[in-house]
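Note that the structure is predicted; figures quoted are calculated from it, not measured. Letters A, B, ... are given to chains in the order of the sequence lines, protein chains preceding strands, and every chain is numbered from 1. Hydrogens, waters and symmetry mates are skipped; everything else that's a heavy atom, side chains included, is used.
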Amino acid sequence: MQTGIDYQNELNPAQYEAATTLEGPVLVIAGAGSGKTRTIVYRLVRLVESGVPASSILLLTFTRKAAQEMIDRARALLCQRGMPALSEYQETPPLHAGTTTDYAGDYAAGYQPQPRTHAVSGAAHGLAGVQGGTFHAYAYSVLRLFQPSGMARNLTVMDGHDIIAALQHCREETKAGKGDKSFPKNQTINGILSKTRNKEMTVEEVLRRESFHLLPHTDAIEMLGRTYAEFKRTKGLLDYDDLLFEFERLLLENEDALAYCRRKHQYIMLDEYQDTNPVQARIAGLVAGLSPAAVTGKEKQTETFTGNLMVVGDDAQSIYAFRGADVKNILRFPDQYPGTKVIRLEENYRSTQGVLDVSNAILEKATEGYKKHLFTSLGAGQTPRVVRPLSDRAQAQLVASRIIELSRSIPPSQIAVLFRAGFHSYALELELNKLGVRFKKYGGIRYTEAAHVKDMMSYIRLVQNPMDYTAFTRMAELHKGVGTRTCLKIYQLVLAGDKAGVEKAVARFPGLLADLNFIDEHRRLNSTPKILCSAVIEHYQPKLEELYPDDFPRRLQGLEQFAQLASAYDALDLFISDLALEDPLQEEKEEEGVVLSTIHSAKGLEWEAVIILDLVEERFPSRHSLTRPEDFEEERRLMYVACTRAKKTLEMYIPATLYDKGSGGSIPAVPSPFVRELKPSLYSEWQESYTGGLVQKKAHTAPHVPKPFLPRPAGAAAPTLRPTKPVAPEHNMQEEGFALGSGSSTTTRPEQCGYCHHKVFGRGKIIQHLPPDKYRVNFPGFGLKVIMAAYITLE
DNA sequence: ATAGATGGCATTTTT
DNA sequence: TGCCATCTAT
């Protein structure tokens, strides 16, 4: 089939090379803003144009949204450039129907392949049937077709909340850490266990590396891990990590499954390869055709690799090491896949040179020496700004008014505020609400986490998997008088098939019996997700009205929206797993509004204007990164990712003080090393005054004159701005010790951090030197303290 | 055994 | 801030 696309003229030479190399192993090193998405989009079209069936293309990206966008854009390209011959395909045939041979039906006895894709489908023109999504979603889509050995028959994907609930259950059962205040919280346990798996290390290794204070609990955590694994196995539950490891095991143990994947997905594209972890890399290798021995590195592939595998990524943007991502995957790809064609996309089409200069400067200081230099032909553009509000509260007010100012010339949806951690934006959110500025926050509360949605989902999940204990608990405890014990008892009776026993136990709770019957009936009916959703809503509505008398209509509406969503699915389990893997309502949020996002969630996105908050030590770089140099390097790459999101306007905010909830007062903050090390010529410096507007600091002119500290009465108007630096005397250390742009500032790099002893608090980690004679020290069990040097002994 | 209330807490980043 | 864990009255 032919299109009028002129690949050579619409792409630059490197992009062209990447988009038109369809066979063999290919590594694309794509610098920030280098047109990576465009290249993948063109390659998708090119593949289809060359006669590759869309259904044999697998596109794995970091989020489903990313895959969706690429497929949509490819489809748009095809539509727009006319594939007249294809217009008769407007009515897309179901994914597995007709043209493609689907082997799963033959192999997986009892499991019929479902006629609707789980992940994203390119639902028009020649792209119908491209399978795209995340590794996790892909893993599930195959796992459900083949029965993994030793697993319950119906597999359910757990979401974050399920995981915590399951851990809690295991904890009660084993009495692990009972009554021990130093025992970590479920969240923490989950983090440790998950790290253990993603980094493929023992609990002890993980603890030794990043939380040595928990080392005394090593055995208990390991034991809890085993109990948790057994809990999941017997109940047919899969957490995020299980999806990957069970999938790998399936590919290694079940020849049919491996053959199915290899045969079906002959053209594989992996985006963000720098952020894959070892098991993901092995899965990719197995499906692409690498031998099991070569995948684990036991043996080296010596002949030219003949599978069609393209990986795309940027080692400088690797920001997920904390969850096991390993840059080595991308660095050694050519070695692992002999015959790899390496293509570098280097010209930046996103940002003006001023933005790139700052970005480059940040990367230059990286100790791991990623040699990258972004360039553009877009021109110098605006000079990035450094803004220094008096406090984090003032920062919120300044940013809010700046957003209003910017939105006079830029659509609000083209303005983004980025920060290191979700809670860093709280103050700004309050401020924006106060001013009536619309915003959408990425990484905020998922709609699926609302109580009524979870209630509804528990019924749906029980229809799919009667052993889903988390769902059972949720459903059963909706009834007054049913708690942990009763719940467990009934669950066991139900599983044992003891009908008489169940009826007896449930007799005291008539509503519960009705629920169980309802679930049984619908399991028998095998209804479509949409019909089931409607039925559940009707069944649950009385309870909804009882539980939420003030706002049940609104919640009901939300549930109906959910049922609408379900109508896109033919298979119940796919609907459930999609909800656990990614919030489907996220992308349907209104388009208007300023974007608030963690830097991690901002990956791959771009905006006209980008504001980075809280560029002070402890926040960014995060205090948790101060232990090991490699973590600090990851913070640097995070900063690089943040800066390279900006097209034209880049502003970095450095509050002089941070509110301290402990003391209720403000503590001085040290500007982030990432800004301190920038040459002053790369940015202009702006400050707050009491009279209005941001005022640019005149570089190197006015001598520093400390202004008296003028406390604002509570509830006073937002700070306005004034031309000189209003720094309170007690904060003058910033002027003296941490001037910006020195290029050689006293950075609290991790390698300079040591430990010290204090008579009362014991051993602590020195977080920061506060000249001339104080240290900020983190004492396990006591938290952060500022201590006079005289009272501690350095180690 | 359950439910509700209270008080103490620490708080990265995501599938 | 919201989320725990523990306590107390039924």
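Rounded to whole Å, the distance from CG on Leu243(A) to C1' on dT15(B) is 9 Å. At whole-Å resolution of the value, CD in Glu634(A) and C1' in dT12(B) are 11 Å apart. In this structure, the CZ atom of Phe62(A) is 7 Å from the C1' atom of dT14(B), given to the nearest Å. The interatomic distance linking Asp614(A) (CG) with dT13(B) (C1') rounds to 15 Å, in whole Å. Atom CG of Leu638(A) is separated from atom C1' of dT13(B) by 7 Å (rounded to the nearest Å). Nucleotide dT15(B) holds its P atom 13 Å from the CG atom of Asn198(A), rounded to whole Å. What separates CZ of Phe247(A) from C1' of dT15(B) is a distance of 15 Å, to the nearest Å. Rounded to an integer number of Å, the gap from Arg393(A) CZ to dT1(C) P is 14 Å.
Within residues 483-492 of chain A, the residues approached by DNA chain B to less than 4.0 Å at the level of any non-hydrogen atom are Gly483(A), Thr484(A), Arg485(A), Thr486(A), in residue-number order.
Here Asp392(A) contributes atom CG and Thr657(A) contributes atom OG1; the two are 6.0 Å apart, rounded to the nearest 0.5 Å.
When each of Asp573(A), Asp578(A), Thr156(A) is checked for a side-chain hydrogen bond (donor to acceptor under 3.5 Å, both in side chains) with Tyr140(A), only Asp573(A) meets the rule. Exactly one residue among Leu270(A), Asp275(A), Asp271(A) makes a side chain to side chain contact (heavy atoms under 4.5 Å, CB included) with Phe62(A). That residue is Asp275(A).
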- Task: Do nucleotides 3-10 of chain C as a string where each nucleotide becomes B, S or -: B if the base has a protein heavy atom under 4.0 Å, S if just the sugar-phosphate does, - if no protein is that close.
- Result: -SSS----
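Aromatic ring pairs are classed by plane angle as parallel below 30°, tilted from 30° to 60° and perpendicular above 60°; the pair His136(A) and Tyr240(A) is perpendicular. The aromatic rings of Tyr469(A) and Phe231(A) lie perpendicular to each other, with more than 60° between the two planes, well past the 30° mark. Aromatic ring orientation, Tyr569(A) versus Phe575(A): tilted (interplanar angle from 30° to 60°).
Crowding of His169(A) atom NE2: a count of heavy atoms from other residues, nucleotides or ligands under 6.0 Å exceeding 12.
The phosphate of dT13(B) has neither OP1 nor OP2 within less than 4.0 Å of any side-chain N or O from Ser601(A). For Thr598(A), a side-chain nitrogen or oxygen approaches OP1 or OP2 of dT14(B) to under 4.0 Å.
The aromatic ring of Phe322(A) is stacked on the base of dT13(B), with the two ring centres less than 5.5 Å apart and the planes inclined by under 30°.
Here the shortest heavy-atom pairing between Tyr228(A) and Cys170(A) reads CA-SG, 3.6 Å.
Residue-level contact check: Tyr320(A) touches the backbone only, with heavy atoms under 4.0 Å from sugar-phosphate atoms and none from bases.
One P atom belongs to dT13(B), the other to dC4(C), and the distance between them is 14 Å to the nearest Å.
Considering only residues two or more places apart in sequence or on other chains, Asp162(A) meets the salt bridge (charged side-chain N to carboxylate O under 4.0 Å, His left out) condition with Arg461(A). With sequence neighbours left out, Gln168(A) forms a side chain to side chain donor-acceptor pair (under 3.5 Å) with Glu172(A), Asn186(A).
Both Glu635(A) and Glu477(A) lie close to DNA chain B; mapped to their nearest nucleotides by heavy-atom distance, the more 5′-ward contact belongs to Glu477(A). Both Ser622(A) and His479(A) lie close to DNA chain B; mapped to their nearest nucleotides by heavy-atom distance, the more 5′-ward contact belongs to His479(A).
Between the side chain of Arg208(A) and the backbone N or O of Leu215(A), no donor-acceptor pair lies under 3.5 Å.
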- Dot-bracket for DNA chain B, 5' to 3', counting Watson-Crick or G-U wobble pairs under 3.5 Å, with [ ] for crossing pairs and | for inter-strand pairs? |||||||||......
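Screening residues 132-142 of chain A for salt bridge (Lys or Arg N to Asp or Glu O under 4.0 Å), with sequence neighbours left out, gives no hits.
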